[in-house]
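Below is one structure, written out as structure tokens; the observations come after it.
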Amino acid sequence: MIRKLKNVSLALLLWGMIAVFVFPLFWLFLTSLKTRVDAFSIPPKFIFTPTLGNYANVLTDGTFIHIYFNSVKVALLSTLFSLLLGIPAAYALVRFPMRKKDDFAFWVLSTRMAPPIMVILPFYLMFKEFNLLDTAFSLVVIYMTFGLSFVLWMMRSYFNSIPVDLEDSARIDGATRLGAFVKVTLPLSAPGIAAASIFTFIMSWNEFLYALILTGNKTKTAPVAVTSYITFEGIRWGEIAAAGTMIVLPVLVFGIVIQKYLIQGMTMGGVKS
């Protein structure tokens, strides 16, 4: 009886935590379907006549759509290049003998310790010198440098959990080291790659500070563009909620698509250090 009561209490606690985290997203979606009057009603309305006017205003704004797809491009490219560089680097740190590789791995991790605002000025001056301000290339490079350390450390831990005997068996059967890596190690590390990719994508997609300072009208990202709905006439909460819902959607879809790999990828890498 006591064990059953504990299980019920734990389940209620978990559902309560889920409700706390999901409610802001639910409220954001509700607000995006409300008129200005309903959005400011006190007490808040949960039953109302929904409208798609806010989404129509956002979608008919050609500027926001251009910015939205620019964000998709920047996030996908930064995630792709972070994986292309981080996965081989993590594999090399695990499988190849080299001097002070633990020190090198820690140095890579230390790049994440500095507050972002502390390094924004050097980045700004460097990109200004090379005429790279307000370009997608500058954002991709910065987001890639941030994501690279995360990918390297996560995949390093994951490759450690994959027995080297599997690669040795493939090489005995005639595969090269590269062939064993591509045909054996990469498929086995798919959950870790999925977890690293979703976190890197989320970091690039949600980043605000660098996108605000290093971009202009050409390459502004969606999180920055939302601030354009704060005008001198007032805050257009309906459009902000609609734009916010559209910003949350790609991450949500991406997470659902790879959810079967995500949890496994976050836990398997901790089996062996």
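Positions are given from 1, in the same order as the sequence printed here. A quick note: this is a predicted structure, and the numbers were derived from the prediction, not measured.
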Least distance between heavy atoms, [X] atom then [Y] atom:
X: P122; Y: M118; answer: CD-O, 4.0 Å
X: V182; Y: P187; answer: O-CD, 3.2 Å
X: S82; Y: V151; answer: O-CG1, 3.9 Å
X: L152; Y: A89; answer: CD1-CB, 3.7 Å
X: V58; Y: E239; answer: CG2-O, 3.8 Å
X: I162; Y: S189; answer: CD1-CB, 4.0 Å

Donor-acceptor pair, [X] side chain versus [Y] backbone, under 3.5 Å?
X: S204; Y: F201; result: no
X: S78; Y: V74; result: yes
X: N70; Y: H66; result: no
X: W205; Y: I247; result: yes
X: S161; Y: Y158; result: yes
X: N54; Y: K34; result: yes

Say you draw a straight line from [atom1] of [X] to [atom2] of [Y]; how long is it, rounded to the nearest 0.5 Å?
X: Y91; Y: L186; atom1: OH; atom2: CG; answer: 9.0 Å
X: F29; Y: L249; atom1: CZ; atom2: CG; answer: 10.0 Å
X: W237; Y: S32; atom1: CH2; atom2: OG; answer: 14.0 Å
X: T245; Y: I240; atom1: OG1; atom2: CD1; answer: 11.5 Å
X: D38; Y: L30; atom1: CG; atom2: CG; answer: 11.0 Å
X: T176; Y: R171; atom1: OG1; atom2: CZ; answer: 8.0 Å

According to a 4.5 Å side-chain heavy-atom criterion applied to Ile, Leu, Val, Met, Phe, Trp and Tyr, with indirect links allowed, do [X] and [Y] form part of one hydrophobic cluster?
X: I198; Y: M154; value: yes
X: Y55; Y: V253; value: yes
X: M113; Y: M144; value: no
X: F81; Y: L83; value: no
X: Y229; Y: L28; value: no

Exercise for the section: Start with the C-alpha gap between F130 and F137, add the side-chain angles, then the distance that decides, and say whether side chain to side chain contact (heavy atoms under 4.5 Å, CB included) holds. Expected result: CA-CA 12 Å; F130 289 98; F137 177 80; over 6 Å; no
Handout entry: D173 atom CG: more than 12 heavy-atom contacts under 6.0 Å
Key = yes
Practice task
Answer yes or no: does atom CZ of F23 have more than 12 heavy-atom neighbours from other residues, nucleotides or ligands under 6.0 Å?
Solution key: yes
Practice task
Could you tell me whether K218 and D134 have a side-chain N and a carboxylate O separated by less than 4.0 Å?
Solution key: no
Handout entry: Derivation of the side chain to side chain contact (heavy atoms under 4.5 Å, CB included) call for L133 and Y124
Key = CA-CA 8 Å; L133 291 178; Y124 179 86; 3.8 Å; yes
Flag side-chain contact, heavy atom, 4.5 Å: [X] against [Y]:
X: F208; Y: T227; result: yes
X: F48; Y: L33; result: yes
X: F159; Y: I87; result: yes
X: T35; Y: T49; result: no
X: I65; Y: L59; result: yes

For a quick test of your reading: what N or O donor-acceptor pairs under 3.5 Å do the side chains of residues 13-22 make, sequence neighbours left out?
none

Exercise for the section: Walk me through it: do F127 and I142 pass the test side chain to side chain contact (heavy atoms under 4.5 Å, CB included)? Expected result: CA-CA 11 Å; F127 288 133; I142 285 184; 3.4 Å; yes
Exercise for the section: Tell me whether the centres of the aromatic rings in F46 and W27 are closer together than 6.0 Å. Expected result: yes
Exercise for the section: Measure from NZ or CZ of R95 to the centre of the six-membered ring of F181 and say whether it is under 6.0 Å with the direction within 45° of the ring axis. Expected result: no
Practice task
For side chain to side chain contact (heavy atoms under 4.5 Å, CB included), just list the numbers for T135 and V140, CA-CA rounded to whole Å, side-chain angles, deciding distance to a tenth of an Å, and then say yes or no.
Solution key: CA-CA 9 Å; T135 63; V140 171; over 6 Å; no
